[in-house]
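Owing to the predicted nature of the structure, the values given are computational and were not obtained by experimental measurement. Below, each value reflects all heavy atoms present in this structure, side chains not excepted, and no hydrogens, waters or symmetry copies.
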Amino acid sequence: MVFKRFFKDLSRYRKYLVCSAKASLKSEVAGSYLAWLWWIIEPFCFMLIYTFISEVVFSKPMKFASIFVFLGLTFWDFFNRSVGSSAGLLKSNKTIVTRIYLPKYLLYIKLMLVNAFKMLISLFICFALMVFYRVPVSWHLVEIIPCILMLFIITFGIGCFFMHFGVYVRDLSKIIRIVLRLVFYMSGVFYNISASIGGFYGKLLLKVNPVAVAMDGCRKALLYCESPDWVMLGVWAAIGILISILGIALVYKNENNYGKIL
């Protein structure tokens, strides 16, 4: 029942989602000299910084290090930007929430679309780096798709819950920022979890952290011609779907109260 209403609303408001996402992207670079080039420059600079930390500071050389780090940043930026903004999303869109009816989770989907577009740009850069460094390519390339889908599902589910509770818990955004910083270091963005940690704790991190699971699977498929961990991808996809259903139901149930509280 929830899914039926969800997909019906998606179909009804699809034009709003596309136009709103485009408007957000345009407004983000309005007045900037480099405009959309910042979406390339920013992750590229962070790639250089974290590659230096990994290769020089921690003395952990790895094969195709710059692409390895760039892929990690690509996945992390999408998750971090989406989840990190979820708690304050309804407050920052108070005018829309209080004046017109709109399924409130659509605001979060719009945010995810904006971040997904930036993620797509970063992935194209990754592919260009793969050509430059002559990374061997195999049929495993297509296996990045389920990794990305799992990340999208789990991000949406988590974001729906945070978006809802962000209306009631004033300091939730600050708590989320602290938790996300912890998750960042546990996700292996600039280091290889299996090689750097290994053993029981390394295996544990690659099971309990969905971001690390998606990130590791994508790196295996693109850089090392290996298949991702299909079991953990399936487990986290199932958990993500369950969380998404509960989150959508929670938002539907309370969406008429948001305007009164805000």
Exercise. Going through the distances and angles, do Phe78 and Ile148 end up as a side chain to side chain contact (heavy atoms under 4.5 Å, CB included)?
Worked result: CA-CA 10 Å; Phe78 171 80; Ile148 294 173; over 6 Å; no
For this session: Using the side chain to side chain contact (heavy atoms under 4.5 Å, CB included) rule, take Met163 and Leu111 through it: C-alpha gap first, then chi angles, then the decisive distance, then the call.
Result: CA-CA 12 Å; Met163 183 180 71; Leu111 175 67; over 6 Å; no
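Across all non-hydrogen atoms, the minimal contact from Tyr191 to Tyr185 is OH-O, 2.5 Å. What you find for Trp139 and Ser227 is that their closest heavy atoms are CH2-OG, 4.3 Å. In terms of heavy-atom proximity, Gly188 sits nearest to Met215 at O-SD, 3.9 Å. Scanning both residues, Trp236 and Val208, for their nearest heavy atoms gives CZ2-O, 3.2 Å. The nearest pair of heavy atoms linking Gly247 to Phe161 is N-CE1, 3.5 Å. Taking every heavy atom of both residues into account, Ser82 and Tyr108 meet most closely at O-CE1, 3.3 Å.
For Phe124, the CZ atom counts as loosely surrounded, since its 6.0 Å shell holds 12 or fewer non-hydrogen atoms of other residues, nucleotides or ligands. No more than 12 heavy atoms of other residues, nucleotides or ligands lie within 6.0 Å of CZ in Arg170, so this atom counts as exposed by the packing criterion. For Tyr168, the OH atom is densely surrounded, since the number of other residues' heavy atoms within 6.0 Å is greater than 12. No more than 12 heavy atoms of other residues, nucleotides or ligands shown are found within 6.0 angstrom of OH on Tyr201.
Under the 4.5 Å side-chain criterion, counting only non-hydrogen atoms from C-beta, Leu10 is in contact with Leu106. Taking 4.5 Å as the limit, every side-chain heavy atom of Ile109 sits out of range of all side-chain heavy atoms of Tyr13. Residues Ser194 and Leu206 meet the side-chain proximity criterion, which asks for heavy atoms closer than 4.5 Å. Contact of the Asp77 side chain with the Lys118 side chain is not registered, since no non-hydrogen atoms from C-beta on lie closer than 4.5 Å. Two residues are said to be in side-chain contact when any heavy atoms from C-beta on lie closer than 4.5 Å; Ile241 and Ile245 meet this criterion. Counting heavy atoms from C-beta outward, Pro210 and Phe79 have side chains that stay 4.5 Å or more apart. Between Phe6 and Val251, every side-chain heavy-atom pair lies at or beyond the 4.5 Å cut-off. Between Val183 and Val83 the shortest side-chain heavy-atom distance does not fall below 4.5 Å.
Remark: the backbone N or O of Ala212 is not paired with any side-chain donor or acceptor of Asp216 at under 3.5 angstrom. Judged by distance alone, with hydrogens and angles left aside, the side-chain atoms of Asn80 form no donor-acceptor pair with the main-chain N or O of Trp76 at under 3.5 Å. Without hydrogens or angle criteria, Ser187 side chain to Val189 main chain gives no donor-acceptor distance under 3.5 Å.
In this structure, Leu113 CG and Lys22 NZ are separated by 11.5 Å, a value rounded to the nearest 0.5 Å. The structure places CG of Leu17 at 11.0 Å from OG of Ser11, a figure rounded to the nearest 0.5 Å. To the nearest 0.5 angstrom, Ile96 atom CD1 is 10.0 Å from Leu90 atom CG. Rounded to the nearest 0.5 Å, atoms CG (Leu205) and CD1 (Ile193) are 5.0 Å apart. Atom OG of residue Ser244 and atom CD1 of residue Ile158 lie 9.0 Å apart, to the nearest 0.5 angstrom. Distance CE/Met130 to CG/Leu222: 5.0 Å, rounded to 0.5 Å.
Residues Phe152 and Val18 do not share a hydrophobic cluster, clusters being chains of Ile/Leu/Val/Met/Phe/Trp/Tyr side chains in contact below 4.5 Å. Linking Ile, Leu, Val, Met, Phe, Trp and Tyr residues whenever their side-chain heavy atoms come within less than 4.5 Å leaves Leu71 and Val142 in two separate clusters. Residues Val137 and Val131 do not share a hydrophobic cluster, clusters being chains of Ile/Leu/Val/Met/Phe/Trp/Tyr side chains in contact below 4.5 Å. Transitive grouping of hydrophobic side chains (ILVMFWY, heavy atoms separated by less than 4.5 Å) keeps Ile178 and Phe162 in distinct clusters.
When only modelled atom types and interatomic distance are considered, Tyr105 and Glu255 share no side-chain donor-acceptor pair under 3.5 Å.
Because its NZ or CZ atom is both nearer than 6.0 Å to the ring centre of Phe68 and within 45° of the ring axis, Arg219 counts as a cation-pi partner of that residue.
For Phe132 and Phe70, the distance between ring centers is not under 6.0 angstrom.
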